[in-house]
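Below is one structure; the comments refer to it alone.
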Amino acid sequence: MHGMDAALAQITERVRAAAADQTPLRIRGGGSKDFHGLALHGEVLDTRVLTGIVDYEPSELVVTVRSGTPLADLEAALAAQGQCLPFEPPHFGTPPQAGTVGGMVATGLSGPARASVGAVRDYLLGVVLLNGQAELLTFGGQVMKNVAGYDVPRLMAGSWGTLGLLTEVSLKVLPVVPAEATLRFECGQDEALRRLHAWGGQPLPLNASRWEGGADGGVLHLRLRGAVAAVEAACRSLGGERLEPAMAAVQWGACRDQVLPWFAARRPDQALWRLSLPATAPVLALPEAAQALVEWHGALRWVQAPEAAGDALREAARSAGGSAAVFRAPAAREPGGAGHAPLPSRALEQIHARLKHSFDPAGIFNPGRMAAGW
């Protein structure tokens with residue numbers, strides 16, 4: 001504990017000095033998500049000195065952990081108690097580029113189960129953070145209904161470190177489900193979406209899905225999780241080919257971390273686009289030679305296409321009620337070459353700018369990481 005106090009004091013003094021000198025700081029854990037964001041500016045402020053589980057009550061389904069703790073360490077501690085982070089946060093790399101808990105919250109990214117179980121922000125109960133004036137602030141707590149007023153902890157999810165440096169986070173966790181099965185179906189994208197929409201209206205233990213293929217067809221994988229009786233009944237009614245559990249687990253992990261063969265096949269001149277859409281959106285008309293992978297029961301679609309196809313992709317997503325943004329830039333421009341989807345209105349841009357100024361008046365934290373100028 002004394003070591004943690006000293007580490008926090010050192011970081012606090014560094015932030016105070018940076019605010020006084022208006023020196024940009026680049027908050028960094030394992031660096032596993034450096035590929036994403038508009039820019040990587042400032043002196044690196046490493047959070048990995050803030051490690052360890054502060055408090056864990058398995059019977060209460062709550063864990064409090066320091067931000068620099070490797071995500072893999074937290075997941076191992078939860079697994080030992082038969083519990084998990086159900087939103088499956090991506091790791092995007094192996095040591096020394098191991099994702100941290102703070103990075104998990106700051107990026108707000110979730111894995112294949114997100115459409116069924118919720119996102120990172122839905123499990124965030126409380127945070128302790130350093131603002132841009134080197135003040136240590138505590139928001140929320142360790143229960144779901146813990147504060148009145150602004151829900152600051154959830155505001156931190158997806159802020160990419162632009163509002164403050166997280167030092168501790170409290171998370172709700174869940175027991176590992178008793179049963180799981182993955183079914184495989186050969187079909188085109190249109191048929192896959194039709195099936196997913198139909199299954200979504202039935203009392204089935206749907207957890208995750210992914211479709212990959214081309215104009216000539218493809219493969220849909222459907223993961224079921226829940227009570228043993230519910231999963232077995234769903235397998236009998238849905239049909240398809242049931243995958244061996246160990247193989248299925250490897251594939252879903254590879255999907256979560258974007259190391260499936262589909263992701264690895266991206267050409268150096270292509271960007272990886274992330275399209276966020278209504279789950280009921282039809283098959284989109286994509287630029288020629290663009291390849292798609294569908295997740296989240298149709299709501300998330302990954303597309304491999306050159307950046308020059310951006311206007312066509314954004315228009316296709318907009319016409320379907322969604323948005324498109326580069327998630328990984330072409331290899332020649334990584335890291336820090338990708339961007340975020342633009343905010344849908346000038347009013348929201350102004351709200352974000354005011355929030356940034358309130359938490360970080362000098363603009364020292366991760367400048368340019370989410371938007372040009374702040």
Side-chain angles (χ1 to χ4, degrees), residues 1-34 37 40-57 62-78 85 89 91-108 120 124-142 152-153 155-171 173 359-367 369:
M1 183 63 69
H2 177 73
M4 288 299 104
D5 290 343
L8 181 57
Q10 186 177 18
I11 289 177
T12 301
E13 185 54 39
R14 176 113 181 256
V15 171
R16 183 177 292 109
D21 298 339
Q22 294 193 334
T23 301
L25 294 176
R26 175 182 157 202
I27 302 173
R28 188 179 189 271
S32 61
K33 303 172 186 69
D34 280 354
L40 298 174
H41 293 313
E43 299 177 358
V44 173
L45 180 55
D46 198 326
T47 65
R48 289 176 296 179
V49 294
L50 303 173
T51 61
I53 294 176
V54 178
D55 187 33
Y56 178 29
E57 293 292 341
V62 173
V63 63
T64 298
V65 59
R66 296 187 182 94
S67 62
T69 304
L71 182 54
D73 289 358
L74 172 59
E75 290 179 327
L78 296 177
L85 300 171
H91 291 220
F92 292 143
T94 55
Q97 281 196 319
T100 61
V101 173
M104 172 192 76
V105 173
T107 60
V120 179
L124 191 57
L125 302 178
V127 299
V128 180
L129 64 88
L130 274 172
N131 68 6
Q133 296 172 296
E135 297 170 328
L136 193 64
L137 307 177
T138 300
F139 299 98
Q142 294 184 321
V152 173
L155 188 64
M156 294 300 119
S159 64
W160 287 84
T162 60
L163 299 180
L165 187 154
L166 294 171
T167 64
E168 288 184 12
V169 299
S170 294
L171 298 158
V173 300
F359 281 94
D360 182 17
I364 61 172
F365 288 138
N366 286 7
R369 192 71 195 266

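Heavy-atom minimum distance, Leu25 versus Ala18: CD1-CB, 3.6 Å. Nearest heavy atoms, Gly29 versus Arg48: O-NE, 3.2 Å. Of all heavy-atom pairs spanning Val173 and Val62, the tightest one is CG2-N, 4.1 Å. Nearest heavy-atom pair, Leu125 versus Pro153, reported as atom, atom and distance to 0.1 Å: O-CG, 4.0 Å. Nearest heavy atoms, Val120 versus Val105: CG1-CA, 4.2 Å. Minimum heavy-atom separation, Gly99 to Ser32: CA-OG, 3.5 Å.
At a threshold of 4.5 Å between non-hydrogen side-chain atoms, the residues Leu165 and Arg14 do not count as touching. Looking only at side-chain heavy atoms (C-beta outward), Leu171 and Leu74 come within less than 4.5 Å of each other. Between Arg16 and Glu13 the shortest side-chain heavy-atom distance falls below 4.5 Å. Counting heavy atoms from C-beta outward, Phe92 and Thr107 have side chains that stay 4.5 Å or more apart. Side-chain contact between Tyr56 and Val65: absent, with no pair of heavy atoms (C-beta onward) separated by less than 4.5 Å. Within the 4.5 Å cutoff, side-chain heavy atoms of Leu45 are placed close to those of Val15. For the pair Leu155 and Phe139, the minimum side-chain heavy-atom distance is 4.5 Å or more.
Distance alone, capped at 3.5 Å, is enough to place a donor-acceptor pair between the Thr167 side chain and the Val128 backbone. A donor-acceptor pair under 3.5 Å is formed between the side chain of Ser67 and the backbone N or O of Leu166. Within the 3.5 Å criterion, the main-chain N or O of Val44 finds no donor-acceptor partner in the side chain of Arg26.
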Begin from the C-alpha positions of Ile53 and Val63 and carry the test side chain to side chain contact (heavy atoms under 4.5 Å, CB included) through to its verdict.
CA-CA 8 Å; Ile53 294 176; Val63 63; 4.0 Å; yes

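To the nearest 0.5 Å, atom CE of residue Met156 and atom CG of residue Leu129 are 5.5 Å apart. Of the inter-residue distances, the one linking Leu50 atom CG with Thr69 atom OG1 reads 8.5 Å to the nearest 0.5 angstrom. His91 NE2 to Glu75 CD: the interatomic distance, rounded to the nearest 0.5 Å, is 3.5 Å. To the nearest 0.5 Å, the span separating OG1 on Thr100 from CZ on Arg28 amounts to 10.0 Å. A distance of 8.0 Å separates CG of Leu163 from CG of Asp360, quoted to the nearest 0.5 Å. Remark: Ile27 CD1 to Thr162 OG1 distance equals 8.5 Å, nearest 0.5 Å.
Every residue was checked against the side-chain hydrogen bond (donor to acceptor under 3.5 Å, both in side chains) condition with Asp73, not counting sequence neighbours, and none meets it. With sequence neighbours excluded, the residues that form a side chain to side chain contact (heavy atoms under 4.5 Å, CB included) with Gln133 are Asn131, Glu135, Pro361.
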